[in-house]
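Note on naming: letters A, B, ... go to the chains in the order of the sequence lines (proteins, then strands), and numbering restarts at 1 for each one.
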Number of protein chains: 2
Amino acid sequence: MQIKKYTDYGLRTLIYLGIRSPGSVVTINEICDAYDIPRNHLNKVIHQLGKEGFIRTKRGKNGGFSLAAPPHEIRLDHVIRRLEGDTPWVNCHSPTCTIEPACELQHILAEGKRAFYQFLSNYTLASIIGNKAQLERIFTTNTL
Amino acid sequence: MQIKKYTDYGLRTLIYLGIRSPGSVVTINEICDAYDIPRNHLNKVIHQLGKEGFIRTKRGKNGGFSLAAPPHEIRLDHVIRRLEGDTPWVNCHSPTCTIEPACELQHILAEGKRAFYQFLSNYTLASIIGNKAQLERIFTTNTL
DNA sequence: TCTGTATATGCATTAATAATGCATCTTATA
DNA sequence: TATAAGATGCATTATTAATGCATATACAGA
């Protein structure tokens, strides 16, 4: 039980964008350098973030991506649900569990998952950007 | 984001014990046959269930294990927390994330995890045993 | 229109971790 | 003391996530 690095990278990207002035465009390479994470993986994350509508991506020269909405409008539950994939937290099939029809576990876990995401729905990208000034400092220090 | 088979097997074992008369002793082989799951893995699950105090195990001839408490007293959050392992749902180290000190993600996710387990704390082994008669039927049919 | 720079896409490979298998030890009891 | 049960440790396999690599596509500006 742990979110994937994939999801983690997506959130870090949003944080990086979130402390920028609205509409400012950054590239995948810039994020990779900032966090020292592999380009190939991030590539796919950025792509999905674009497809899901969290960021706007633009190809070609002077291309890159930027937030599609202000940080306080990007909800954590939405981002994590999408990046993480919204599958059940218990797998009653493959292989099929014989008691499945008489077992309430899957339903209770599904509700538990709902409780988790409902809690997260109270938070946005703005919520996880704790100390904006400190974040800016970290990034500029790393880049130099 | 999915519970491990390990945890799943543990819960299935408790369900199997839960529909038995109190104190009745079963063996690892019996559980393996009932669910068609590998003995080696279940071995370790049973061992931990014993260590954690959910079941009482007994070695040697005529040995086996039984529930250490009635089903309605065995809380789901306790069982899953123990079997699943209670580690953070995001890993800010290995490798260390540079923005960790300025990032609220880990704290919010920790609270989200808390919300999940708090929800589960309303349920017990008795809760996931939906249809006791049907369960009994499934097991006797499988055994024949 | 050509060239360079950016994301998009698919497939191959590696890494991490869970699951399983195997061997053997320990304990209890008939 | 033989047998049947769980306990334990290590080896192997399977699964899935992560990473690497190659190349396509799009866009901007010279």
Side-chain angles (χ1 to χ4, degrees), chain A residues 1-13 17 24-33 35-66 68 80 83-85 87-91 93-95 97, chain B residues 1-13 17 24-33 35-66 68 80 83-85 87-91 93-95 97:
Chain A
M1 291 286 268
Q2 189 168 98
I3 64 166
K4 295 180 284 187
K5 283 190 183 180
Y6 183 90
T7 303
D8 188 17
Y9 292 168
L11 291 166
R12 292 203 216 176
T13 298
L17 289 168
S24 92
V25 171
V26 306
T27 67
I28 292 179
N29 282 328
E30 196 174 339
I31 305 280
C32 292
D33 291 347
Y35 291 111
D36 190 29
I37 56 183
R39 205 201 123 86
N40 292 291
H41 207 200
L42 188 59
N43 210 336
K44 283 139 197 171
V45 180
I46 300 292
H47 178 55
Q48 186 178 357
L49 283 175
K51 270 202 314 185
E52 307 285 1
F54 298 117
I55 62 177
R56 267 188 287 268
T57 65
K58 192 180 157 207
R59 292 179 169 189
K61 199 162 188 177
N62 299 328
F65 44 89
S66 56
I80 296 181
L83 296 186
E84 197 59 26
T87 53
W89 284 3
V90 67
N91 185 355
H93 318 90
S94 72
C97 176
Chain B
M1 291 287 268
Q2 189 168 98
I3 65 166
K4 294 180 285 186
K5 283 190 182 180
Y6 182 91
T7 303
D8 188 18
Y9 292 168
L11 291 165
R12 293 202 216 177
T13 299
L17 289 169
S24 93
V25 171
V26 306
T27 67
I28 292 178
N29 283 329
E30 197 174 339
I31 306 280
C32 293
D33 290 347
Y35 291 110
D36 190 29
I37 56 183
R39 205 200 124 87
N40 292 290
H41 207 201
L42 188 60
N43 210 336
K44 283 140 198 171
V45 178
I46 300 293
H47 178 55
Q48 185 179 357
L49 283 175
K51 269 203 315 185
E52 307 286 2
F54 298 116
I55 60 177
R56 266 188 289 268
T57 64
K58 192 181 159 208
R59 291 180 169 187
K61 199 162 186 174
N62 299 327
F65 44 89
S66 55
I80 296 181
L83 295 187
E84 198 58 26
T87 52
W89 284 2
V90 65
N91 185 354
H93 317 90
S94 70
C97 176

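Residue-level contact check: A:Asn62 touches the backbone only, with heavy atoms under 4.0 Å from sugar-phosphate atoms and none from bases.
The side chain of A:Lys44 lies closest to C:dG10 when the candidates are C:dA8, C:dG10, C:dT29. Side-chain atoms of B:Arg39 lie closest to D:dG6 of the nucleotides D:dG6, C:dA6, C:dA19. With C:dA6, C:dT29, C:dT26 as the choices, the nucleotide that has an atom nearest any side-chain atom of B:Lys61 turns out to be C:dT29. Nearest to the side-chain atoms of A:Asn40 among the listed nucleotides D:dG20, D:dC27, D:dT8 stands D:dG20. Distance from the side chain of A:Asn43 is smallest for C:dT9 among the nucleotides D:dA18, C:dT27, C:dT9. Residue A:Pro38 has its side chain nearest to D:dG20 when only C:dT9, D:dG20, D:dA7 are considered.
Of all heavy-atom pairs spanning B:Cys32 and B:Leu42, the tightest one is SG-CD2, 3.7 Å. Heavy-atom minimum distance, A:Thr13 versus A:Tyr35: N-CE1, 4.4 Å. Minimum heavy-atom separation, A:Lys4 to A:Leu83: NZ-O, 3.9 Å. Closest heavy-atom contact between A:Gly63 and A:Thr27: O-CG2, 3.9 Å. Scanning both residues, B:Ile3 and A:Met1, for their nearest heavy atoms gives N-SD, 4.0 Å. Closest approach of A:Pro95 and B:Lys5 over heavy atoms only: CD-NZ, 4.2 Å.
For the pair B:Ile28 CD1 and D:dA7 P, the interatomic distance rounds to 6 Å; values are reported in whole Å. Across the protein-nucleic acid pair, A:Leu42 atom CG and D:dG20 atom P stand 12 Å apart, rounded to whole Å. Rounded to whole Å, atom P of C:dA19 lies 16 Å from atom CG of B:Asp36.
For the segment residues 3-13 of chain B, the set of residues with a heavy atom within less than 4.0 Å of an atom of DNA chain D is empty.
An OP1 or OP2 oxygen of D:dA7 is reached within less than 4.0 angstrom by a side-chain nitrogen or oxygen of B:Thr57. An OP1 or OP2 oxygen of D:dG6 is reached within less than 4.0 angstrom by no side-chain nitrogen or oxygen of B:His47.
Checked by atom type, the side-chain pair A:Glu84/A:Tyr6 shows no donor-acceptor distance below 3.5 Å.
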